Structures are given as structure tokens and as C-alpha cells.
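The figures that follow rest on heavy atoms only: side chains count, while hydrogens, waters and symmetry mates do not. As the structure is a computational prediction, the values presented were derived from the model and not from experiment.
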Amino acid sequence: MSIHTLSAPAVSRPPPLNYRPRLDWREIVLRRETMLLVVLVTVVVAVSIVSHGGFWNRVNIDSFLVSSAITAVPAAGMTLVILNGGIDVSIGSMLGLISATGGLMFAAGWSAALVVPVFLLTGLALGWINGLLVLAGRIPPVVATLGTLSVFRMGVFLMMGSSWITAIPPGLTRFFVSTHVGPLPVASVLALAVTGAMAVFLRYHREGRRLYAIGNNDEAARLVGIPVRRLRWATYMVLGVCVGLGALMQLGQTPIVQTTSGTGFELNVIAAVVLGGTELSGGRGGMLGTVLGTLVVALINDAIVLMHIQPFWSGVVLGFVILVAIGVNESRRAGKAMS
């Protein structure tokens with residue numbers, strides 16, 4: 001008869017009280033946010049050398065910060081839209097139409113207290129229209145917003161004709177650009193408040209976490225009871241309000257409305273979001289990356305001005321940045337799938 005000895009099951013011991021998990025420095029170094037910080041520092045140093053210190057001029061710093069804020073607020077809204085698998089390429093024309101609407105009211109003598117809410121409400125209405133086309137009309141987001149890009153721009157031409165609106169109250173410039181909270185213009189403080197609130201929403205609020213679930217698999221999200229349609233529609237309206245606030249800040253920086261106002265603005269915003277690590281397929285991304293991506297985009301535009309390069313190169317560089325960012329995202333996804 002063979003005798004089998006029974007061994008006692010292994011007991012997992014708790015770690016000692018002074019245990020500290022080891023930091024994975026390789027993971028930290030390779031994170032998108034760390035790489036963007038390295039890019040920011042490198043470009044700032046390069047631009048400072050080429051411009052002979054002109055980058056650090058107080059006027060240029062304020063212009064850079066306000067430009068970043070004008071892009072950051074709509075980029076925060078765009079992050080919500082892209083996270084759940086959508087996109088809105090009409091925001092440049094949307095910004096132009098909102099600016100024309102508010103500008104005409106300013107020119108008619110309306111007070112800022114009455115006109116400022118109109119910027120936000122007009123953005124909300126235009127975002128609602130985009131959500132209607134995408135969700136009720138079941139039109140793919142790119143196709144729907146390409147259509148409204150043209151429609152909104154035509155609205156600008158119909159409202160303004162060939163004239164410009166210059167009757168913008170100087171109070172907008174004083175408030176958004178000239179007034180500082182510490183070292184930052186008010187526009188930058190507002191942008192930090194908006195992006196910070198959305199970062200908290202995405203990380204800790206139930207509806208924020210649901211956006212990631214929708215972006216990863218909308219059908220599975222629907223089966224577990226997530227109101228996919230309502231949340232997606234809401235993100236388009238939030239983006240519209242963000243564009244309305246961005247239009248206000250842009251009039252503070254450049255107090256004039258032209259028929260071309262906002263042209264190409266969507267390129268800046270989408271480049272900032274994609275560069276920050278939010279995947280166009282949805283489900284992955286965050287607000288910190290969007291903020292850093294916004295700073296990189298604003299820095300590229302500022303560098304082109306300081307280095308006296310033709311402005312059209314800005315669109316070329318940003319288009320290249322979008323292609324590279326999408327390529328990096330897809331490579332990382334393929335690598336994770338194989339591992």
C-alpha cells in the first residue's frame with residue numbers, strides 16, 4: 001500500500017507593513033503624457049533659440065496661453081464625443097456661425113449680459129442638430145458633420161454677406177486676455193476649470209465611465225442598460241456649448257468676425273485630441289492627454305509665427321501630426337492585441 005502525504009495548501013502571506021510596490025519606470029517613460037511633455041520641452045527650447053528668446057516675451061506668452069485656451073475648451077468637448085465613438089468635423093463652421101450670431105447682436109447694440117448666453121445657447125442648439133442627424137437620422141458622424149460644416153458656413157455667409165463685424169465690445173478683450181489670475185489670463189483659468197471638471201467627470205462619475213464602455217462596444221453597453229443614445233446626444237450638445245465659449249474667447253483675442261472665422265479650427269481641435277492619446281475608434285483616452293496635446297498644437301502654431309514661416313504650413317504640420325498620432329495609436333493597439 002502506498003502512502004500519500006498530504007501537503008498543506010500554500011497560504012498567501014500579506015506583504016510586510018513597509019512594503020512599497022516597485023515603480024515600473026519603463027511604463028512611466030513610455031506613457032503618452034510623458035512623451036508629450038518631452039516634445040513640449042524640446043520644441044520650447046528650439047523655438048526659444050531660433051527666436052532669440054522672443055518666445056518668452058510677455059505678450060507672446062499671453063497670446064500662446066489664450067490660443068491654447070481657445071483650443072482646449074472645444075477639445076475637451078471633442079474628447080467626450082470621440083470617446084464614445086463619434087466625431088464632429090463641423091466645429092470650425094460652428095464657431096464661425098456662433099461668432100456671426102453674437103457679433104450681429106453686439107453690432108445692434110445688445111449688452112454683453114444678454115449676448116454672452118446667446119453664444120452658449122447657439123452652440124448648444126447646433127450641437128443638438130448634429131446629435132439629431134447622427135442619432136435620430138442614423139447618419140455616420142463624419143458624413144453628418146461634413147454636411148453641417150457646409151450648412152453652417154453657408155449660414156455665416158447669409159448672415160454677414162461680404163461685410164465684417166468689428167463692433168465687438170472691448171470688455172471681452174479686457175476680461176479674457178488682459179485680466180490675469182496670478183500669471184494666467186482669465187481665458188486660461190476658464191480652460192483649466194473646464195478641462196479639470198471634465199477630467200473628474202470621466203474618472204469618477206458613472207456617466208463618464210459609461211462613455212468608455214460605449215466607445216469600446218456600444219451594443220454590449222446597450223444590453224447592460226446604458227442609455228447609449230441619450231449619452232451620445234448629450235456629448236454633442238456639450239461640445240456645442242464648449243465651442244460657444246471658445247468663440248467668446250476668440251473674440252476677446254481677435255475682436256473681429258469675418259466670413260472665414262473658424263476655418264480650419266476643427267483641425268487644431270482634432271489634432272490636440274488625437275495627439276493626446278484619445279483613439280478615434282473610441283473607448284480610450286483622457287483629459288490630461290488632451291490638455292498636453294492642446295499645448296503642443298498651440299506651440300506649433302506659435303513657432304510658425306515666431307519663425308516667420310508661411311501660415312499655410314501650420315495646416316500641413318498639423319495634418320502630419322494627426323497621421324503620426326493615429327499611426328502610433330494603431331501600433332500600440334496591435335501590440336496589445338498580440339500580447
Side-chain angles (χ1 to χ4, degrees), residues 72-98 101 117-153 155 194-195 197-248 262 265-266 269-270 272-274 276 278-287 290:
V73 173
M78 183 68 79
T79 302
L80 302 184
V81 172
I82 293 179
L83 275 177
N84 71 73
I87 196 169
D88 188 343
V89 299
S90 72
I91 59 171
S93 297
M94 187 187 296
L95 184 140
L97 184 55
I98 295 170
T101 303
V118 171
F119 278 78
L120 306 181
L121 292 174
T122 304
L124 179 70
L126 297 180
W128 184 88
I129 291 172
N130 281 337
L132 176 70
L133 294 173
V134 172
L135 297 163
R138 301 185 182 277
I139 304 173
V142 172
V143 177
T145 55
L146 271 175
T148 53
L149 180 149
S150 299
V151 172
F152 295 161
R153 183 60 61 186
V194 170
T195 54
M198 290 196 183
V200 172
F201 169 75
L202 287 175
R203 186 170 182 84
Y204 298 107
H205 198 277
R206 181 183 63 178
E207 306 300 327
R209 304 309 301 169
R210 284 176 166 180
L211 292 181
Y212 288 95
I214 295 170
N216 279 305
N217 191 322
D218 60 345
E219 187 58 33
R222 188 178 292 107
L223 290 174
V224 298
I226 295 176
V228 173
R229 181 172 155 137
R230 177 173 63 82
L231 285 177
R232 278 183 165 164
W233 207 326
T235 59
Y236 280 100
M237 290 189 287
V238 170
L239 173 56
V241 174
C242 290
V243 174
L245 181 55
L248 270 172
F265 183 66
E266 63 279 352
V269 172
I270 294 174
V273 176
V274 174
T278 300
E279 297 186 4
L280 289 176
S281 56
R284 291 177 179 83
M287 209 56 65
T290 293

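- Interatomic distance, Leu83 CG to Thr290 OG1, rounded to the nearest 0.5 Å: 7.5 Å.
- Between Met237 and Trp128, the shortest heavy-atom distance links the atoms SD-CD1, 3.5 Å.
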Side-chain donor-acceptor contacts of residues 131-144 below 3.5 Å, not counting sequence neighbours, with atom names and distances?
none

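- Atom CZ of Arg210 and atom CG of Leu231 lie 7.0 Å apart (nearest 0.5 Å).
- Considering Leu124, Ile98, Thr122 in turn, Ile98 is the only one that fulfils the side-chain contact (heavy atoms from CB on, under 4.5 Å) rule with Val243.
- Residues Met287 and Leu202 meet the side-chain proximity criterion, which asks for heavy atoms closer than 4.5 Å.
- Atom CZ of Arg203 sits in a sparse spot, with 12 or fewer heavy atoms from other residues, nucleotides or ligands closer than 6.0 Å.
- The two residues Gly155 and Leu97 come nearest to each other via the heavy atoms C-CD1, 3.9 Å.
- For Val151, there are no side chain to side chain contact (heavy atoms under 4.5 Å, CB included) partners two or more places apart in sequence or in a different chain.
- Without hydrogens or angle criteria, Arg232 side chain to Asn84 main chain gives a donor-acceptor distance under 3.5 Å.
- Between Asn130 atom CG and Thr148 atom OG1 the span is 4.0 Å, to the nearest 0.5 Å.
- Minimum interatomic distance between Gly244 and Leu120 (heavy atoms only, all atoms of both residues): C-CD2, 4.0 Å.
- One distance of note links OG1 of Thr101 with CG of Leu121; it measures 11.5 Å at 0.5 Å rounding.
- In this structure, CG in Asp218 is found 13.5 Å from CZ in Arg229, a value given to the nearest 0.5 Å.
- Without hydrogens or angle criteria, Asn216 side chain to Tyr212 main chain gives a donor-acceptor distance under 3.5 Å.
- Checking side-chain atoms of Thr145 against main-chain N and O of Asp88 turns up no donor-acceptor pair under 3.5 Å.
- Of the inter-residue distances, the one linking Leu211 atom CG with Arg209 atom CZ reads 9.5 Å to the nearest 0.5 angstrom.
- Judged by distance alone, the side chain of Thr235 and the main-chain N or O of Val81 form no donor-acceptor pair under 3.5 Å.
- Counting only heavy atoms from C-beta outward, the side chains of Leu80 and Leu239 never approach each other to under 4.5 Å.
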